[in-house]
Amino acid sequence: MEPSPSHGAGMPGVEAAGGPPGGDTTPPLPQGHDEDTRVEEEGALLGSDTEEEEEEGERRAPRGGSAPPQLLSDRIMLAAKLGLLFLALVIVVHSSKGPLIRKASSPQPFFPQHSLVTDFHSGDVGGLTERLLASDLSLVVYYAPWDRSSQALRWEVEQAAQFHHEQIYFAAINCWHPGSECKSRYKIRKFPAVVLHIRTSSGMETKAFAYGGPHEAGHLIRFLSRCLRPLTHVASHADLPRLQVDHSAVVLGYYDFSSSLVPRGYTSYYLAALRWLQHEPSGAVAWGVVTNPQVAQAFSLSTSQSIHLVLWNTTLSFTNAATSDSEGISNWVAKRLDETASWLHVSGDKSQVLSLDTQEGPSLLLFAPDNPYHTPNDPYTLLREVSLDYFNCNQSSRVSTLARYLRVSRSRGRTFQRKVEKACQTYLTEHLQMLHLAQQQRASEGKGCCHSTEAGGVCVPAPDGSPASEECVNPNLHLMTVLSDSCREMVLQYNPWKDPSVCCHHANTTKAKTKPIPHIPKDKTQPDQAVKTGQVDDHIERLEAVAGEEQCKKLFHGSLLGPVPYIRDQNTAVDITGLGCRTNKTLSFVALDSLQHRDVARRLGIDLSSREPANTAAVIVDVQREAHFILDASLSKHALAAFILNYTNGMLDRTLVSGGKEMTQCDSTSQMCIQELTAENYFKVTQEAGKTVVVLHYNSNCVACSTIGHVFLAVAHSMRHLPDVTFARINVVGNILPWHLHFTTLPTIIVHPALRKSDSRVFDLSHSITPASVISFIMADLSPRQRLTLALHACGEECREGVLHEAALASTALHHNLTTSTRRLQRVLERLVKAAPAADTPSEASAHEQRSFERLRQARVHFMRDIKTQRKKLEHLHHMLTLLSKPLDQEALDGLHVESFNHLLQTLTASSASSPPTPPEEAASPDTARDES
């Protein structure tokens with residue numbers, strides 16, 4: 001309801017009765033004011049005018065008379081109008097249906113318009129189901145448009161679709177929008193959710209398998225590649241060792257296809273292989289299919305539907321294979337799987353995967369890049385080889401042979417990888433030459449570079465100034481190698497793999513008539529599938545060209561993530577065969593992806609960027625001993641075996657991790673500074689001679705440490721005038737200190753004294769941590785000079801006046817005591833003079849006189865000592881009065897005597913009425929008693 005202009009003194013549009021004509025008008029209310037604000041303002045205006053009218057009425061009314069009738073009628077009309085306004089507001093509020101909530105905006109497309117991913121942004125589950133039933137294999141992303149992870153995954157799925165859009169259908173559906181069919185049907189606990197849908201043989205439903213790997217394009221591509229070929233055909237007995245080299249375990253299933261197109265149980269076996277990928281996407285288990293009865297007989301697969309699990313040291317048979325479904329088969333494999341080394345899949349979120357694995361015993365963690373585009377992984381293969389020797393307790397020839405196969409495969413894999421890089425580099429150079437020649441041809445024809453092609457091969461020219469056009473015009477052929485940075489930038493902006501006809505579809509030059517084919521060398525570890533000499537099959541050549549181009553494509557994208565790590569084995573390795581069975585420190589071998597979990601390595605004190613090979617390191621973690629040990633040498637079989645042997649023999653030193661944070665530099669001009677220490681500079685700071693160092697050991701995740709932070713700051717501020725006292729702190733989570741500095745309770749305050757570093761003390765946590773308690777704890781290790789400095793700086797004007805008053809009283813008492821002691825000494829000396837002749841003749845003197853003479857001599861010594869002490873006290877008080885009578889500075893403190901520091905506080909607290917006790921000599925002498933009276 002918009003407020004209308006208010007005229008007169010009261011309600012809108014109503015002129016106040018009895019008011020002067022042409023009176024003041026109220027300006028209109030601004031837009032946006034509610035009814036309550038308007039009523040208050042109008043009431044205030046009306047109230048002010050009413051008061052003026054009352055005063056005018058009182059002046060006009062006779063004494064003792066009542067209020068004018070006109071004023072009373074105005075008040076009644078105002079009350080009536082306010083009541084009507086309130087009633088209108090109540091009616092408006094009750095007439096609205098439910099709370100006033102703005103409806104959600106209409107869903108917008110999440111993926112680009114020409115994306116290879118079909119976007120069901122309205123949450124249409126029916127339309128998605130129809131498309132899923134029309135495809136054998138589909139990947140669906142359930143997303144929320146506002147979710148950051150969903151927004152990041154969008155482009156990763158787009159890249160994966162460019163690889164597999166011809167074999168797999170890609171779709172995405174908005175499962176968050178209120179009122180959508182997807183939100184009402186499915187309950188997504190965490191966005192985004194990636195699900196693989198496989199159409200069943202009936203074609204009426206799909207099997208859904210969730211993807212649990214990293215949300216990156218490379219890992220998605222590798223996962224989908226394995227889903228496209230989850231089974232491997234085992235044609236001969238020689239295929240099994242090749243599978244064992246690439247995988248930790250092999251599942252073999254025998255199915256006779258001669259009697260049926262789809263043998264019984266084969267579908268369950270196929271789905272079990274797919275189900276396994278959702279739990280273990282790294283491909284540690286290979287699923288092989290045997291179709292030849294003779295080969296099956298060699299593997300002891302007697303009947304069809306027989307399933308064996310081939311492990312590193314034994315082979316297990318599944319007795320219920322014929323009656324088990326896919327879930328039963330995969331569960332059986334999971335329960336009996338035994339690996340000497342395995343990848344540890346950490347989600348990146350808060351989990352206990354790493355903790356549970358290391359709690360069982362000491363573990364050897366290998367940080368190696370799990371590059372999804374690079375099939376051979378040299379560091380992980382080395383870990384498997386060493387672990388096989390480590391657990392080969394009975395000198396099994398089967399295990400030794402498998403370890404030898406792994407060693408040979410590493411050597412051949414390095415050679416083959418270099419040949420592939422060289423071939424792909426030549427292929428990419430030829431491809432870029434074609435692009436350059438095609439651009440020259442089209443430039444001479446007055447045409448632009450093709451950015452894409454439509455149906456029928458129609459060229460769509462690239463816009464002028466676009467990255468695609470510039471790369472076609474100026475290709476840096478001398479820099480365009482597979483592993484160069486300029487080539488990476490070029491392919492990221494203009495992808496030659498995306499459409500082979502781009503920029504060279506209409507090229508008519510001699511060199512650009514045929515598309516280059518990458519001549520990838522054949523891997524000797526793979527079965528020879530070459531055709532006979534003299535026979536040429538165009539279909540096989542096309543397949544080889546596609547396979548070679550696919551391999552170059554993966555090599556290029558893998559180089560973007562990092563270089564391929566090669567391990568150099570130069571020395572003969574130490575023999576550790578069967579070492580795992582001869583010690584109680586049996587290790588477990590685990591690999592972590594260094595590309596995904598660099599933070600874990602950094603927390604352990606490992607800098608992966610400086611390691612050799614790149615992004616590769618080994619560390620032994622012993623949780624029970626609360627220690628870990630880092631391999632300092634470059635990774636090789638000799639270094640890794642020696643590292644394991646030295647740990648077993650207890651010859652390794654515990655690694656002290658430093659947080660890597662630079663120490664806070666405290667200059668001389670700063671009034672207060674708390675240094676941030678690390679494990680590297682902890683002893684350099686705390687063991688500095690002549691410095692009292694107070695260190696707070698804390699944890700960044702400790703709530704109690706945060707609560708006492710202000711206490712530590714307050715204490716440091718109070719002692720800022722002590723240059724020889726240093727305050728510091730250290731985060732014990734990122735810095736590992738020696739055992740004697742390991743505290744079970746945090747926070748902990750420890751004092752390292754200036755002179756006696758071995759006498760460091762820890763604050764007793766049974767006492768409350770307050771500024772007073774901490775200062776008292778620190779002062780026990782301070783020198784008298786430091787204590788006096790702290791006391792004087794803490795003393796204000798009132799404190800100084802009180803101290804001066806107490807010092808004056810103490811000085812008066814000391815003068816009185818000094819006078820009394822001097823008189824007593826004088827009387828004692830007089831008595832000694834009188835008693836001296838008798839003492840010179842002991843024969844004539846009595847024994848009583850001799851004893852009296854000795855007491856007088858002792859009294860003389862006592863009074864002389866007492867007078868000397870009182871004079872020193874007076875001297876100290878004089879220094880103190882001189883110090884407090886002028887502004888405090890360090891030079892004045894340095895000018896005091898050492899004795900002044902030692903006795904100042906005691907002197908200040910001494911009672912002014914105290915007097916020295918009467919010497920026992922005088923109390924024992926009756927003559928002395930008479931003199932005192």
CG (Asn649) and OG1 (Thr583) are apart, to the nearest 0.5 Å, by 8.0 Å

List in chain and number order the residues that pass side chain to side chain donor-acceptor pair (under 3.5 Å) with Arg598, two or more places apart in sequence or in another chain; answer none if no residue qualifies. Asn615

Working to the nearest 0.5 angstrom, can you tell me the gap between Leu592 CG and Leu354 CG? 6.0 Å

Please check if atom CD in Gln151 has more than 12 non-hydrogen atoms from other residues, nucleotides or ligands closer than 6.0 Å. yes

How far does CD1 of Ile620 sit from CG of Leu364, to the nearest 0.5 angstrom? 5.0 Å

Just to verify, which of His219, Arg222, His597, His345 counts as forming a side-chain hydrogen bond (donor to acceptor under 3.5 Å, both in side chains) with Asp370? Arg222

Can a side-chain donor-acceptor contact be found between Gln624 and Gln359 if the only test is distance below 3.5 angstrom? no

For the residue pair Phe589 and Phe391, categorise the inter-ring angle as parallel (less than 30°), tilted (30 to 60°) or perpendicular (more than 60°). perpendicular

Within-4.5 Å side-chain heavy-atom neighbours: Asn735 and Leu677: no

Quick one: pull up CG in Leu645 and OH in Tyr647 and give me the separation to the nearest 0.5 Å. 13.0 Å

Considering all heavy atoms of both residues, which atom of Ala341 and which atom of Tyr380 are nearest to each other, and what is their separation? O-OH, 3.1 Å

For Arg761, I'd like to know if atom CZ has over 12 heavy atoms of other residues, nucleotides or ligands within 6.0 Å. yes

Would you say Leu741 and Ile750 make side-chain contact, with heavy atoms under 4.5 Å? yes

Closest approach of Arg654 to Ile736 (non-hydrogen atoms, all atoms of both residues): NH2-CG2, 3.0 Å

Judged by modelled atom types alone, do Asp357 and Ser588 share a side-chain donor-acceptor pair under 3.5 Å? no

Side-chain donor-acceptor contact under 3.5 Å, Glu339 with Ser248: yes

Ring geometry between His752 and Tyr682 (parallel below 30°, tilted from 30 to 60°, perpendicular above 60°): perpendicular

Just by distance, no angles: are the side chains of Asp378 and Thr381 close enough, under 3.5 Å, to form a donor-acceptor pair? no

Got a salt bridge between Arg602 and Asp607, using NZ or NE/NH1/NH2 to carboxylate O under 4.0 Å? no

Crowding at CZ, Arg568 (>12 non-hydrogen neighbours, <6.0 Å): no

Can you see which heavy atom on Pro192 is nearest to which on Leu153, and at what distance? CG-CD2, 3.4 Å

Give a yes or no on whether the ring-centroid distance for His557 and Phe163 is below 6.0 angstrom. yes

Between atom NE2 of His697 and atom CD1 of Ile749, what is the distance when rounded to the nearest 0.5 Å? 10.0 Å

Do His164 and Ser225 pair up side chain to side chain, a donor and an acceptor below 3.5 Å, judged on atom types alone? yes

Is the NZ or CZ atom of Arg414 positioned over Tyr566's six-membered ring, under 6.0 angstrom from the centre and within 45° of the axis? no

So, Asp389 and Lys637, do they make that salt bridge, N to O below 4.0 Å? yes

Contact summary for Asp593 and Trp343, nearest pair of heavy atoms: N-CZ3, 3.8 Å

Taking all non-hydrogen atoms of both residues, which atom of Glu676 and which atom of Ile730 are closest, and how far apart? OE2-CA, 4.4 Å

Rounded at 0.5 Å granularity, tell me how far CG in Leu713 sits from CZ in Arg729. 8.5 Å

Worked verdict on Arg410 versus Glu385 for salt bridge (charged side-chain N to carboxylate O under 4.0 Å, His left out): CA-CA 10 Å; Arg410 289 198 298 113; Glu385 178 185 347; 3.1 Å; yes

Name the orientation class of the two ring planes belonging to Phe191 and Trp146 (parallel below 30°, tilted from 30 to 60°, perpendicular beyond 60°). perpendicular

Do Glu626 and His742 pair up side chain to side chain, a donor and an acceptor below 3.5 Å, judged on atom types alone? yes

Shortest non-hydrogen separation from Thr726 to Lys691 and the atoms involved: OG1-CD, 3.9 Å

